[in-house]
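Structure first, commentary second.
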Amino acid sequence: MEIAIVGSGYVGLVTGVCLAHIGHRVVCIDNDQAKIRQLQKGHVPIYEPGLEELLKKYYKSGRLSFSGSIAEGAKKATVVFIAVGTPSKKNGDADLTYIENVAREVARSMDSYKLLVEKSTVPAETGKRIERTIRLNMHPRFKNSKKGAPQFDVASNPEFLREGSAVEDFMNPDRVVIGVETKRAERLLREVYAPLKAKIVVTNLATAEMIKHASNSFLATKISFINAVSRICDRVGADVEKVAEGMGFDKRIGRAFLNAGVGYGGSCFPKDVDAFVRLAEKSGYDFHLLKSVRQVNAEQKASFVRLIEDKIWNLKDKTIAVWGLAFKPDTDDMRSAASLDVIHALQHEGAAVRAYDPKGMERARNLLPGVKLCADAYAAVKGADCLLLLTEWKEFSSADFKKVMKAMRQAIIFDGRNFLDGEALSDMGFEYYGIGRGHVQKT
Ligand code: UDX
């Protein structure tokens, strides 16, 4: 099929490349001309495992192309995915300006049937607004034409890709949700995904939009739930990791997303939770459960900083090493990373921070002024009064901790992801603090 993707960010690019991989002809469009020029040279602007290889392969074969113009790029396409950003406004509402602009531009250049598919996370009822925008912007052109305006459909096909494993997630989805209002739209979207042989859930547009809201907010709730439990574990000498394991065997609960830590971050959960709270508010429901999820997440970072303060005493003039800046491993994405809040709080108290992240340093540079970005994990711990692990990159678990201990001024580790072997580190002579690990803490 001929497919266009508008918006070549994380979601758009991964979707475009993967759709080419399963056999479609795909144009990825973006209004950032510099980004398009980079992509046309085969440079991938983000780090996502497996993406660069596939992108180069299909670009070379001609199945994947890039364009800086919707009119030109979407001309041949029957299916146009909208994957532009929907940032949060100050009041938590999703800012849908980019979505409206895309709908308007598609309408202006449309001369044959098109199926517009929302991929970005949008509030319920956005589909209706896209439809109206297209009608308003297309009809005047066809007022005097005998044939009349071309037909179109709007559908919702929310993405559930996790950064760091997005290509893998695309190829092996738990389910594909398609929200449609016509049989034609359903047939086309089934055809798009047919090669994946995935479970397809067909609903109306508003329900598909709601599935996305509810799924992401539920996952955020799971994380905040276990983080709240971790706070109690710390107080009563229980181990949250074992609690999660014990809970997880219950099929109704499941072990996934029960990892306690310094809190969730990223481009999705914080923004999506805000947007769902606002959507509920506008519909007349006070979603207090979700408001608490948000509050627990903020407290988790603050309590981590308090723990550090408690154990290393005065933060002023202390040197603190940080391993991991990206919001999660296997990505260079720094958006709403927990590391940002934790580091800012430490700097505010007068601590000097030295940090290392395998992929996130370039993006971190502007976001973390005053932080000394180091060439590797060992350089980061030089002369440090304590080490914080904030992102669970694999390479940190296999570090040479004898070397680490030698380089540090004080052998204290705060493991914000319960990732390291706390008992082994304690045996080596480190003071080790995890999250909710009552039993391994030696004070
Ligand atoms: C998420 C959803 O998983 C995905 O379905 C949706 O499409 C986009 O948002 P992503 O933001 O890439 O994906 O990351 P995810 O792996 O879900 O992690 C989000 C955050 O939660 C990270 O900061 C992670 O460290 C944190 N997290 C995750 C926990 O703190 N504990 C957990 O158990 C799981």
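Being a predicted model, the structure only gives us computed values, none of them experimental. When a residue number appears, it is its place in the shown sequence, counting from 1. First listed ligand is number 1; within each ligand, the first listed atom is number 1.
- Annotation: ligand 1 has protein neighbours E159, F160, L161, R162, E163, K212, N216, I223, F257, L258, N259, Y264, G265, C268, F269, F327, K328, R417, each with a heavy atom less than 4.0 angstrom from the ligand.
- With sequence neighbours left out, S303 forms a side chain to side chain contact (heavy atoms under 4.5 Å, CB included) with R231, R306.
- Between R255 and E241 there is a salt bridge, since at least one side-chain N of the basic residue sits less than 4.0 Å from a carboxylate O of the acidic one.
- Scanning for salt bridge (charged side-chain N to carboxylate O under 4.0 Å, His left out) contacts around E125 gives K128, with sequence neighbours left out.
- Note on E159 versus K212: salt bridge recorded, some NZ/NE/NH1/NH2 to OD/OE distance being below 4.0 Å.
- Aromatic ring centroids of F287 and F276 lie under 6.0 Å apart.
- With sequence neighbours left out, N366 forms a side-chain hydrogen bond (donor to acceptor under 3.5 Å, both in side chains) with no residue at all.
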